[in-house]
Amino acid sequence: MEDKKQPFMFFPSIQSRIWAGIFSFTGIMIVVFWVAINEPARMQEFTDRSEGRSIENGATIFESTCATCHGMQGYGSGRAPALNNPQLFGYDFFEEIDAEIAAIEDEKKEVIEAAGGDEEEVETPLLDLRLEKAETERLRLHDQLRYDYSGVVADLEAELAEVDALIVEASYEEPERLSIDVETFNTQLEELNSELETLQALEELSEADEDRIAEIEAELEPLQSLVDLNEQRGTLVRRIQTLQPLVDAQNAVDAAYAEKIAQLEGMIEAEDATTDTQQLEGVELTISDEAGNRNMIFNELVTNNLIVPFQPDRLGRIEEVAWAGGLHDFVFTTIVGGRPTSASYWPEPMPAWSQTAGGPLRDDQIEGVTSYILNWDREFTIEDIRNVQKFAVVPLASGADTTAGADVDVDEAFLENAGTDVNEIVATIGEIEGDPQLGLSIFTNPAIGCSNCHMVGSELIAPDPTGLAIRAQEHADENPELDTAEHYIVQSIVNPGAFVVEGFQNVMPPDFSERLTYFDMANLVAYLMSFDAE
């Protein structure tokens with residue numbers, strides 16, 4: 001029998017055995033420590049890979065099932081809203097500037113409290129200047145987000161330059177001349193195509209016929225290419241010409257904002273709140289004038305569906321619909337159960353996609369689509385906003401959408417245009433119980449445009465609606481032609497030139513009588529009457 005050494009015989013002495021134990025224990029602890037340190041990273045890598053696969057699978061499913069309505073890149077369409085947009089994710093463009101405003105207000109409050117707490121008696125001129133500067137910067141950012149289409153025009157001009165280069169390459173020294181010759185080209189195309197059809201219809205083709213067919217096809221290609229290039233060019237030129245007035249108007253407003261901010265900075269640096277106050281008033285008047293002109297251009301483009309307006313101060317989607325959970329659950333459950341009520345404000349309802357609700361997708365597939373959508377969360381830019389084809393509407397309790405004359409259960413007579421007879425409108429809307437929530441949807445509807453000018457907390461363009469009900473009643477008391485505050489409000493909507501508030505110009509559109517129904521007027525007046533405090 002072979003004599004086998006016992007393991008401890010490799011370490012014959014007690015001392016060697018102790019050292020072996022120490023080294024073994026130390027080695028084990030090093031391994032355990034190394035695993036403990038690297039385990040989170042390893043698990044994170046595993047999680048990232050898993051999420052990456054989920055996003056990839058979700059992208060494939062989104063392309064095949066969701067993109068038809070929501071757009072290939074998630075920017076929406078006429079059939080469904082954008083998902084790849086800041087409003088869904090509640091992205092706050094104003095977070096930094098709002099924090100600055102809040103800090104200045106807190107500082108001002110501390111100064112007033114330290115001086116006895118009487119806001120009317122304690123003067124804080126430099127803090128007031130800093131606050132006005134910050135608020136002006138916020139208004140400037142708001143207007144850039146809403147009205148700045150210079151980036152869109154720049155992209156269109158770059159695309160036009162590429163098309164022009166192709167036209168020049170086709171032996172046209174002046175691309176503008178191509179449109180003159182296209183009518184001739186179209187005639188030639190018709191003749192060549194007709195000849196080609198005649199030859200191709202022959203039962204037997206001679207060698208000469210085949211040669212002619214080849215000649216025609218060779219002639220068709222460059223002619224068709226030039227016609228297509230001209231069509232592209234015409235579309236781009238028309239789009240640029242449509243947007244350029246808005247770009248020019250917004251540039252004028254932005255320049256006035258920049259001038260005001262520069263003046264405020266100079267006054268702050270000089271620590272003199274009285275310096276250049278006349279110039280400051282002048283630039284504020286310029287902002288008001290230029291903004292009024294810009295807003296008329298903007299409203300016309302919106303009304304004609306030539307641009308998709310963005311509301312920078314709009315709440316994030318889950319806040320807007322009062323969703324109690326997180327964004328992941330909101331997206332996931334929406335996909336699971338669909339949105340049957342969306343037929344009230346979209347061409348068709350969103351179907352349920354989960355197998356548990358009769359749809360085709362498993363939960364893991366829905367999770368993949370959700371991950372893909374949430375992967376769009378980022379720091380959004382103006383360019384991202386302009387890519388959106390359709391923003392979500394606010395689903396109201398009545399099922400109505402945010403447009404005027406919404407399809408709701410109401411007498412058809414009340415859905416007729418209100419007209420301009422103030423007394424008749426007041427009498428008619430008195431028969432309707434106005435809904436302030438529906439009125440809010442009209443007031444903030446970009447196609448109507450009220451909130452474009454009448455901004456809470458600002459009077460740069462038009463009167464602040466805060467305290468409107470009180471001011472309306474005071475004006476009605478002073479004017480024998482107006483019986484109530486409602487009379488004044490209705491008159492201001494359908495005949496804005498009848499009374500212009502001091503310090504403002506008559507730039508309000510005069511056609512609301514043709515755009516609003518009695519039902520709209522009842523709801524809008526109910527909302528405006530809710531502004532009953534200064």
Side-chain angles (χ1 to χ4, degrees), residues 67-68 71-79 82 84-85 144-197 213-254 293-294 296-310 381-391 446-447:
T68 303
M72 191 63 69
Q73 300 299 322
Y75 289 123
S77 70
R79 300 177 61 182
N84 185 0
N85 80 90
Q144 289 171 343
L145 293 168
R146 185 163 175 78
Y147 303 107
D148 185 0
Y149 280 75
S150 58
V152 176
V153 170
D155 289 342
L156 291 170
E157 288 176 339
E159 191 175 348
L160 178 61
E162 293 178 1
V163 171
D164 283 351
L166 292 174
I167 294 172
V168 170
E169 189 178 336
S171 301
Y172 273 81
E173 295 181 3
E174 298 180 6
E176 295 85 353
R177 178 172 174 74
L178 178 57
S179 59
I180 300 173
D181 295 336
V182 160
E183 185 175 348
T184 302
F185 294 157
N186 280 325
T187 302
Q188 293 176 9
L189 281 171
E190 291 177 5
E191 293 173 351
L192 290 171
N193 279 316
S194 176
E195 184 180 354
L196 183 62
E197 290 175 5
I213 289 175
E215 290 176 1
I216 292 174
E217 290 175 343
E219 290 180 49
L220 281 174
E221 185 175 352
L223 282 175
Q224 188 63 58
S225 176
L226 285 170
V227 170
D228 292 344
L229 286 172
N230 181 69
E231 185 176 347
Q232 291 179 45
R233 189 177 196 284
T235 300
L236 291 169
V237 168
R238 286 190 296 273
R239 182 65 173 161
I240 291 170
Q241 290 174 342
T242 297
L243 294 177
Q244 192 61 55
L246 176 59
V247 170
D248 294 340
Q250 169 55 22
N251 285 342
V253 176
D254 195 66
N293 174 56
R294 176 205 60 196
M296 286 192 290
I297 297 171
F298 179 82
N299 290 339
E300 183 177 355
L301 292 173
V302 172
T303 301
N304 293 320
N305 294 317
L306 296 173
I307 57 176
V308 179
F310 173 63
T381 65
I382 292 180
E383 182 181 1
D384 294 323
I385 297 170
R386 301 298 177 249
N387 286 330
V388 172
Q389 299 300 307
K390 204 76 172 180
F391 287 99

First locate atom [atom1] of [X], then atom [atom2] of [Y], and finally report the distance between them rounded to the nearest 0.5 Å.
| X | Y | atom1 | atom2 | result |
| --- | --- | --- | --- | --- |
| Asn387 | Asn85 | CG | CG | 11.0 Å |
| Glu231 | Leu236 | CD | CG | 11.0 Å |
| Leu301 | Leu246 | CG | CG | 6.0 Å |

Testing the basics here: between [X] and [Y], what is the closest heavy-atom pair and its distance to 0.1 Å?
| X | Y | value |
| --- | --- | --- |
| Thr242 | Leu306 | CG2-CD1, 3.8 Å |
| Gly76 | Gln389 | O-CB, 3.3 Å |
| Asn84 | Gln73 | ND2-O, 3.1 Å |

Q) Considering residues at least two apart in sequence or located in another chain, which fulfil the salt bridge (Lys or Arg N to Asp or Glu O under 4.0 Å) criterion with Glu215? A) Arg212

Q) Residues two or more places apart in sequence or in another chain: which of them pass ring pair (Phe, Tyr, Trp, His ring centres under 6.0 Å) with Tyr149? A) none

With a 4.5 Å heavy-atom cut-off, do [X] and [Y] have their side chains touching?
| X | Y | answer |
| --- | --- | --- |
| Ile297 | Arg294 | no |
| Ile382 | Leu145 | yes |
| Val152 | Ile307 | no |
| Lys390 | Ser77 | no |
| Leu243 | Leu156 | yes |

Is there a donor-acceptor contact under 3.5 Å linking the side chains of [X] and [Y]?
| X | Y | answer |
| --- | --- | --- |
| Asn193 | Glu197 | no |
| Gln224 | Asp228 | yes |
| Asp254 | Gln144 | yes |
| Thr381 | Asp384 | yes |

Polar side-chain atom of [X] near backbone of [Y] as donor-acceptor pair, under 3.5 Å:
| X | Y | result |
| --- | --- | --- |
| Asn251 | Val247 | yes |
| Gln250 | Asp248 | no |
| Asp148 | Ser150 | yes |

**Q.** Where at least one partner belongs to residues 154-170, residue pairs that pass side-chain hydrogen bond (donor to acceptor under 3.5 Å, both in side chains), sequence neighbours excluded
**A.** Asp164-Arg233

Q.
Check the orientation of Phe310 and Phe391. Use parallel for under 30°, tilted for 30 to 60°, and perpendicular for over 60°.
A. tilted

Q) Hey, is CD on Glu300 packed in by over 12 heavy atoms from elsewhere, all under 6.0 Å? A) no

